[in-house]
Amino acid sequence: MIKTVDLKKTFVGRGQTVHAVDGVTAHVKKGEVVVIIGPSGSGKSTYLRCLNGLETLSSGHIHVDGVDLADRKTDLNKVRREVGMVFQQFNLFPHKTVLENLVLAQMVVRKRSRNEAERKGRELLKKVGIAEKEKEYPIRLSGGQQQRVAIARALAMEPKVMLFDEPTSALDPEMVGEVLEVMKQLAREGMTMVVVTHEMGFAREVADRVLFMDHGKLVEEGTPEHFFTNPQEERAQLFLKQVL
Amino acid sequence: MLSPLFFDVWNGIVNKDLKNWSWTLLTLLILFAMGAGLWVATKKIDYNWRWNRVPQYFLYHNENVKTVPFDGRVTKIDQAGDTATISVLSEDDDVQTFVVDAETVRVEVNEDLFEGDSLGSTFTWRIGPLLHGLWVTLWLSAAASLFGLIIGLITGLCRISSNITLRQLSIFYIEIIRGTPLLVQIFIFYFFLGTVLDISRIVAGISALAIFAGAYVAEIIRAGIQSIPKGQMEAARSLGMNVPQAMIYIILPQAFKRILPPLAGQFISLIKDSSLVSVIAITDLTKSGREVITSTFATFEIWFIVALLYLLLTSVLSQVIAWVERRLAVSD
Ligand SMILES: Nc1ncnc2c1ncn2[C@@H]1O[C@H](COP(=O)(O)OP(=O)(O)OP(=O)(O)O)[C@@H](O)[C@H]1O
Ligand SMILES: [Mg+2]
């Protein structure tokens, strides 16, 4: 589903060059749940943002469902419809009600009728467990509820892949569970997911594969059992000691 | 401006909030003392206040004298209510009728008339120069605001565009306009562009005001757009919207709410700045005031009235904006 080959992303600014992603080669199969972990600043977010074209690549290739993002002729807007993204800060549209948050892109991008979009929106709100809030504005929702709306908003576009960038990091501890629950359900339904998270429990339970990044490089890759019990690389061992 | 003051006093009385109430009373006292001082000062210079001459420059009763266009004789005067119908027989045996106000009839039945004699008059209400000037100022400012908003929106978007030329051009325009006096711009528009492009003084005046306002609006809009968190654009793009769609549906509606107060300030300034177009002989409120003064010599009264009319326009506008702001606040 996603193939990245020798992906590099460098930021040049204020006289210094940052190699945020430095030669990552990794693939994600259809229906697979891949969890990316690594210390802060290791380039996890940047890698994820490259996957849906929010960052332009410096070099290398990304193929999403066969489409090459590095190709100048690729219409990135078309790619992004197929790749849903959930942000750490939710990024709901504050001037729209919850339902409108779900409806807008369906109508504007997918050209669905209002009726159809609302039906789909309500269905998804029910699925993430906040059907009764459809007329509220995002600001009046708790963090956990907002993040669930954000997940529903991405799902409304019927993406083939869902990207999550630390979806629970901005949440109060008591709300982390409800969001993870929605993500687990998605995984069970066979959604292809790439998740950046510090929730090791989630990685263990749900991930098919774990990628460990450090300094922009993919340091270790493997199944959760392998990664959590028997990591090969010293840096991964060190990191696990700190977080577990 | 004054209404909040009265509101405070009223509130003080109703809520028995004595402390605030007495402070407001002090404010009113000071204002009253200043007014009294001015009054005494004008007494000293022996100025003859003629407020009674002012109303006619808002609205006046215009007398229309009806005259006979030929020599003839009055045959009949029919009175019906307030109007009278006078029938006149000409020398060619031709009867013509004239309608005038009943009280103004100046002829009698069988009276012989010569060409040009007056029969009576009719009255109509006419708009005086001050009201007319107010109207000109109003629509001039409205047109300039509208065009200024459009110019400002386009320039503001260019200002943050990724295209370097667009960015440089918009900065060039903004810097030139903000770095030169409006009065000079108006002269350039009128004398230079007006001559080169052969445009009328009204078009020149509106363009100068619109282009002036546009530069300020552009900066307001740029700041408004940049104040929206980056995540909003990213969320919109990640849903597959292109940049124009994200701007129209996500960024601009949010930015608009934030820029409404500074935008309102800009348009209020524009109403006031529009008084400068009187220098290119556009008969706006200020020019009308000057014209009325030359015929009445009621200099003080007219300038006070003109100021009051500007105050009226600007406070109505700020009330309207405040209302819109309250409407938009539902999602906060
Ligand atoms: N827009 C940018 N401009 C310049 N440097 C950037 C930019 N975005 C990220 N970086 C740099 O790239 C590196 C990787 O950042 P990234 O956000 O991908 O790390 P991360 O693994 O997601 O960290 P965290 O766990 O803190 O979210 C960091 O050194 C960061 O400072
Ligand atoms: Mg990150």
Side-chain angles (χ1 to χ4, degrees), chain A residues 45 48-49 51-56 75-98 100-111 135-141 146 149-159 161-165 170, chain B residues 149 153 156-157 160-167 220-264 320-332:
Chain A
S45 299
L48 211 59
R49 291 157 59 81
L51 291 185
N52 75 345
L54 279 181
E55 305 282 359
T56 52
D75 181 358
L76 282 179
N77 297 317
K78 271 203 180 117
V79 176
R80 291 199 192 98
R81 295 175 201 182
E82 312 299 338
V83 182
M85 178 129 183
V86 175
F87 301 87
Q88 185 174 352
Q89 300 297 338
F90 328 136
N91 294 345
L92 292 178
F93 305 135
H95 61 305
K96 301 271 179 197
T97 63
V98 165
E100 278 295 314
N101 261 274
L102 272 67
V103 164
L104 184 66
Q106 293 189 62
M107 290 176 65
V108 172
V109 178
R110 290 276 192 217
K111 309 285 178 215
K135 290 205 171 59
E136 284 290 1
Y137 284 94
I139 194 117
R140 283 194 259 281
L141 266 51
Q146 290 193 41
V149 173
I151 294 173
R153 179 177 69 179
L155 289 176
M157 302 301 289
E158 291 170 354
V161 188
M162 285 284 283
L163 310 177
F164 295 83
D165 190 2
Chain B
L149 189 63
L153 183 62
L157 289 174
I160 52 170
S161 132
S162 51
N163 183 304
I164 294 173
T165 302
L166 286 179
R167 225 158 51 213
I220 293 171
I221 286 181
R222 176 191 61 79
I225 291 174
Q226 286 179 341
S227 77
I228 304 300
K230 261 177 68 189
Q232 290 292 310
M233 180 55 106
E234 290 180 352
R237 301 301 307 273
S238 77
L239 289 166
M241 291 189 206
N242 56 32
V243 174
Q245 287 169 339
M247 271 290 166
I248 292 169
Y249 296 106
I250 307 300
I251 307 296
L252 287 179
Q254 292 182 58
F256 181 70
K257 209 158 90 180
R258 295 195 188 184
I259 63 182
L260 204 56
L263 216 50
V320 170
I321 302 272
W323 177 80
V324 175
E325 258 175 80
R326 280 198 300 278
R327 290 287 314 264
L328 287 176
V330 285
S331 61
D332 290 338

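Chain A is the first sequence line, chain B the second, and so forth, proteins listed ahead of strands; every chain is numbered from 1.
- When all heavy atoms of A:F93 and B:A235 are compared, the closest pair comes out as CE2-CB, 4.0 Å.
- Your options are A:N52, A:V108, A:T97, A:L92, and the one with the most heavy-atom pairs under 4.5 Å with chain B is A:V108.
- With hydrogens and angles ignored, the 3.5 Å screen pairs a side-chain donor or acceptor of A:H95 with a backbone N or O of B:Y249.
- Ranked by heavy-atom pairs shorter than 4.5 Å toward chain B, the options A:L76, A:N91, A:D75, A:V79 are led by A:N91.
- Across A:R153, A:Q89, A:R81, the residue that shares the most heavy-atom pairs under 4.5 angstrom with chain B is A:R153.
- For the options A:V109, A:L54, A:V86, A:L163, heavy-atom pairs under 4.5 Å to chain B are most numerous at A:V109.
- Between A:N77 and B:M241, the shortest heavy-atom contact is OD1-O, 3.4 Å.
- Contacts of A:K96 with chain B are made by side-chain atoms alone, with heavy-atom separations under 4.5 Å and no backbone atom involved.
- For chain A, the nearby part of B:Q245 is the side chain; its heavy atoms alone come within less than 4.5 Å.
- Residues A:P94 and B:Q254 approach most closely at CG-OE1, 3.2 Å, considering heavy atoms.
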